[in-house]
Engineer: 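Can you keep this structure in mind? I'll have questions shortly.
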Amino acid sequence: MNGFPPSYVCIEGGECARDKTIIPAPMNIVMGGQTSAFADQVRTTIPYAIAAATTGLVLWLVKDNYILFHTAAELFSVSVAFGIFFIAWNTRRFSNNGFLVWIGSIYLYVGIIDLLHALAYQGMHILPDAGANTATQLWIVARYLEAGGLAWAFRYIDRPAPDGSIHLLLAPLSLAAIASILVYDVFPDCYIEGRGLTPFKIASEFVVIAVLLVAAIVLTLNRHAFGTRERILLFAMLATKILSELAFTAYGNVFDGANAAGHVLKITAFYLTYLVVIRGALTDPYHSLFRNLQAARNMYEQSEERFRMAIRPAPIAVFSQDASLRYSWAYNSRVMAVPDGIIGMTDAEVFSSTDARLLARIKKQVLATGNGIRREVQLEVKERSIFDLTIEPLRSRTGNIVGIIGTAIDVSELTRARIRAEQANQSKSRFLAAASHDLRQPFQAMRLFHHLLSSRLTSPQQTEVATRMAEAMDAGESLLNALLDISTLEAGKVEPNLANVKVSEIIGRVAREVEPQAAEKGLSLRWVDCRAIVRSDPVLLTRMIRNLATNALRYTERGGILIGCRRLQGSLRIEVWDTGCGIPKDKLDFIFEDFFQIGNLERDRSRGLGLGLSIVIRLADLLNHPVSVRSQEGRGSVFCIEVPVFAWRPIAGGHMSPGIATEVFDR
């Protein structure tokens with residue numbers, strides 16, 4: 001091996017050099033596999049040697065000292081029974097298998113009775129007045145309990161068993177059976193000296209065999225609930241128990257060969273039961289647990305990788321801190337330009353003193369109140385940057401706050417872009433508001449020139465052209481006025497001039513303005529007097545009601561329009577009803593947007609520009625007069641303005657009633 005001692009090999013691919021690390025070679029490598037083959041032979045031979053030695057020991061004990069053999073066999077069975085109970089009972093929360101819990105509980109009491117059976121055995125001289133009959137009676141009780149419990153346990157396959165009820169049933173039953181033998185001596189005789197087994201004992205053994213056969217049938221019907229190995233072990237266990245019971249029907253005295261064979265089979269059956277419980281309560285659940293943990297770990301790693309991929313290109317930092325506000329985890333911390341070794345550090349070690357105090361104040365508030373906070377903060381990160389900071393409490397399983405978890409999104413560019421857009425919009429609005437007079441003046445001049453030109457036209461064709469030109473100027477002026485009004489409102493140039501206003505005067509004025517247009521369309525227009533005096537700007541409130549009335553007139557082809565009031569608690573609701581086309585439910589959220597119109601895809605200017613309601617909502621925000629709408633498609637709509645009431649003036653009648661509105665809609 002290139003000069004190296006034969007007990008060493010290189011850990012790198014077959015070549016050995018002085019500068020390469022070497023490790024001790026396993027013996028099987030050194031000897032070319034001979035030792036490995038020998039070890040396999042030894043491992044294969046050991047179980048057979050143990051089995052042969054055990055068999056020889058059993059045969060010797062049966063021949064030379066049967067009482068010692070019996071005691072050893074019973075104590076082994078009792079130990080296994082108690083082991084079955086402790087394993088099944090203490091793992092019930094993990095396996096949640098009622099079948100195993102029942103088996104474990106049964107073998108607790110079987111083990112206790114078998115222990116009494118061993119102590120009462122003929123020749124032991126431990127229990128007073130005990131003999132072969134007493135030991136055989138205890139044996140039969142244990143077998144009845146074991147067989148019946150096994151058959152009943154299959155009822156709890158794949159479902160949990162109630163903990164308390166098992167022992168409430170088995171403990172009194174076992175105690176009563178023991179008392180009937182050792183205290184009251186009322187249990188039927190099972191063995192009589194000189195005569196051997198009684199018919200009751202033999203019949204009982206066959207009853208036990210029948211119950212075990214029933215358990216085997218139930219196992220066959222529920223074989224899908226067990227794995228292959230579990231099924232084999234259960235069938236082998238039941239078969240061995242049946243053979244054991246058959247052996248115990250054939251002995252003439254308690255020291256003969258049939259009795260010994262029965263005990264050997266009993267030991268085998270108990271051991272098989274132990275394997276069933278070990279596999280069902282320990283091996284499989286923990287293998288399943290480990291598989292689930294591995295699967296959960298894989299899913300966690302995949303989820304974390306997806307999370308990292310999702311936020312890696314985004315300007316988002318995610319972090320968590322403990323109760324002392326030391327960083328315990330962070331990802332994408334480059335967004336905040338903090339060092340990679342941020343774990344264990346506080347904000348005071350990462351940011352400037354001013355920024356650290358700001359962050360500490362926010363985070364301590366979350367720790368103290370348990371309520372999350374979202375706030376826009378400015379931090380010195382290379383340059384002054386703006387972050388959308390969200391902080392939430394981090395809680396333990398018990399609900400205690402153990403730290404905070406947060407995200408920081410760099411919104412510097414978005415904020416600056418928004419500010420620039422808002423400034424540009426404000427500049428536009430200020431320009432339009434300031435230039436409103438200059439923009440309206442050309443339309444006034446065009447109207448003057450149109451009037452002079454029309455007076456000199458004589459041809460009908462020329463007059464028609466002039467009429468069309470006047471309509472175009474009207475539409476353009478209406479659009480300009482609406483845009484200027486909106487710009488003036490957005491620029492904040494309109495200041496409300498609040499006063500005490502008589503609602504009836506405003507409603508009457510608006511109604512008289514639109515009444516000729518309603519009559520021209522063949523619609524009825526009604527308004528109801530109101531005695532309320534409200535606090536509002538009379539000019540702006542009039543504009544709101546006029547726009548609503550004009551909108552109702554524009555979308556109503558038959559029926560009528562109603563303007564009235566409805567008294568509320570401390571306020572007044574001015575309502576404009578119409579019997580128009582109505583508004584679809586999916587369009588109600590859009591009707592107050594600029595240029596939005598229902599059913600006017602061709603943008604027919606005779607149906608307005610779509611700015612009337614947008615002006616209404618802006619005026620409503622300015623005056624703090626909430627606006628609402630209710631509509632039924634195909635029947636009409638009602639728009640409402642809620643204004644605060646200052647006083648009520650005394651007049652006769654004049655309040656709106658639902659009947660009036662109903663009358664308009666039912667026309």
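Note that these values count all heavy atoms, side chains included, but never hydrogens, waters or copies made by symmetry. One-based numbering along the sequence shown.
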Engineer: On a heavy-atom basis, which atom in S631 and which in I583 lie closest, and how many Å separate them?
Structural biologist: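 The answer is OG-N, 2.7 Å.
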Engineer: Give a yes or no on this: more than 12 heavy atoms of other residues, nucleotides or ligands lie within 6.0 Å of atom NZ of K364.
Structural biologist: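 Open: at most 12 neighbouring heavy atoms sit under 6.0 Å from NZ of K364.
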Engineer: Side chain of E349, backbone of T346: donor and acceptor closer than 3.5 Å?
Structural biologist: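 Side chain of E349 to backbone of T346: a pair is present.
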Engineer: Nearest heavy-atom pair of E392 and G372: which atoms, and what distance?
Structural biologist: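 Distance-wise, the nearest heavy atoms are OE1-CA, 3.5 Å.
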Engineer: Rounded to the nearest 0.5 Å, how far does CZ of R566 lie from SG of C530?
Structural biologist: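 So the gap between those two atoms works out to 11.5 Å.
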Engineer: With a 3.5 Å distance limit and no angle check, can you tell me whether S328 reaches the backbone of S320 through a side-chain donor-acceptor pair?
Structural biologist: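 Between the backbone of S320 and the side chain of S328 there is a qualifying donor-acceptor contact (under 3.5 Å).
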Engineer: Can you confirm whether the side chains of S396 and T398 place a donor and an acceptor under 3.5 Å from each other?
Structural biologist: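 Checked: S396/T398 side chains pair up, N/O donor to acceptor below 3.5 Å.
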Engineer: Once rounded to the nearest 0.5 Å, what's the spacing between atom CG of L623 and atom CG of D537?
Structural biologist: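 Separation between the atoms: 6.0 Å.
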Engineer: Do Y327 and D347 touch side chain to side chain, with heavy atoms closer than 4.5 Å?
Structural biologist: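 Yes, their side chains come closer than 4.5 Å.
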Engineer: Can you sort out the partners of Q569 under side-chain hydrogen bond (donor to acceptor under 3.5 Å, both in side chains), two or more places apart, ordered by chain and number?
Structural biologist: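 Applying side-chain hydrogen bond (donor to acceptor under 3.5 Å, both in side chains) to Q569 gives none.
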Engineer: From R526 CZ over to E515 CD, what is the distance, rounded to the nearest 0.5 angstrom?
Structural biologist: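 It comes to 12.0 Å.
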Engineer: I'd like to check L367 versus I401 (side-chain heavy atoms, cut-off strictly below 4.5 Å). Are they in contact?
Structural biologist: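 Side-chain contact under 4.5 Å: yes.
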Engineer: Nearest 0.5 Å, please: how far is OG1 in T542 from CG in N547?
Structural biologist: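 Taking CG in N547 and OG1 in T542, the distance rounds to 11.0 Å.
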Engineer: Please tell me if the side chains of D410 and F387 come closer than 4.5 Å, counting only heavy atoms from C-beta onward.
Structural biologist: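 Yes, close enough: below the 4.5 Å cut-off.
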Engineer: Any heavy-atom pair between the side chains of L541 and V534 that's under 4.5 Å?
Structural biologist: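 When only atoms from C-beta onward are counted, L541 and V534 do touch, with a gap below 4.5 Å.
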Engineer: Looking at T556, is its backbone amide N or carbonyl O close enough to the side chain of T579 to form a donor-acceptor pair, meaning the two atoms are under 3.5 Å apart?
Structural biologist: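 Checking the backbone N and O of T556 against the side chain of T579, no donor-acceptor pair under 3.5 Å is found.
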Engineer: Does any non-hydrogen side-chain atom of I641 lie less than 4.5 Å from one of I545?
Structural biologist: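 Yes, at least one pair of side-chain atoms sits under 4.5 Å.
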Engineer: Under 3.5 Å, is there a donor on one side chain and an acceptor on the other for N500 and R535?
Structural biologist: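 Yes.
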Engineer: For the residue pair W329 and V318, establish whether any side-chain heavy-atom pair is separated by less than 4.5 Å.
Structural biologist: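 In contact.
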Engineer: Is a donor on one side and an acceptor on the other found under 3.5 Å between the side chain of K363 and the backbone of I391?
Structural biologist: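 No, the answer is negative, given that no donor and acceptor are paired below the 3.5 Å cut-off.
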Engineer: For C565 and I507, work out which heavy atoms get closest and say how close.
Structural biologist: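 Smallest heavy-atom distance, with atoms named: SG-CD1, 3.6 Å.
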Engineer: Would you indicate whether the side-chain heavy atoms of L540 and H625 approach each other to under 4.5 Å?
Structural biologist: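 No - every pair of side-chain heavy atoms lies 4.5 Å or more apart.
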Engineer: Look up atom CG in L379 and atom OG in S352, then write down how far apart they are to the nearest 0.5 Å.
Structural biologist: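 The OG atom of S352 is 8.0 Å from CG of L379, to the nearest 0.5 Å.
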Engineer: To check you understand the geometry: which heavy-atom pair defines the closest contact between A549 and I563, and what is its length?
Structural biologist: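 In terms of heavy atoms, the two residues are closest at CB-CD1, 4.2 Å.
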Engineer: Work out which heavy atom in Q378 is nearest to a heavy atom in L358; give both atom names and the distance.
Structural biologist: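 That would be O-CD2, 4.4 Å.
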Engineer: If we ignore hydrogens and angles and just use 3.5 Å, is the side chain of D578 paired with the main-chain N or O of S637 as donor and acceptor?
Structural biologist: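 It does hold such a pair.
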Engineer: Quick one, L389 with L359, criterion side chain to side chain contact (heavy atoms under 4.5 Å, CB included). Give me CA distance, side-chain angles, the key distance, then yes/no.
Structural biologist: CA-CA 10 Å; L389 183 66; L359 294 173; 3.7 Å; yes
Engineer: Are W577 and R630 packed together at the side-chain level, in the sense that at least one heavy-atom pair is separated by less than 4.5 angstrom?
Structural biologist: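 Heavy-atom side-chain distance check passes, below 4.5 Å.
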Engineer: Which heavy-atom pair separates W527 from G508 by the least distance, and what is that distance?
Structural biologist: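 Heavy-atom minimum between the residues: NE1-CA, 4.0 Å.
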Engineer: Would I362 and V377 count as a side chain to side chain contact (heavy atoms under 4.5 Å, CB included) here? Give the steps.
Structural biologist: CA-CA 10 Å; I362 296 172; V377 297; 3.9 Å; yes
Engineer: Which of these, L548, D621, N551, sits in a side chain to side chain contact (heavy atoms under 4.5 Å, CB included) with V616?
Structural biologist: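 Running side chain to side chain contact (heavy atoms under 4.5 Å, CB included) over L548, D621, N551 with V616 returns exactly one hit, L548.
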Engineer: Could you check I574 against I506 for side chain to side chain contact (heavy atoms under 4.5 Å, CB included), going step by step and ending with a plain yes or no?
Structural biologist: CA-CA 11 Å; I574 303 172; I506 294 179; over 6 Å; no
Engineer: Between CG of L525 and CD1 of I561, what distance do you get to the nearest 0.5 Å?
Structural biologist: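 Those atoms lie 6.0 Å apart.
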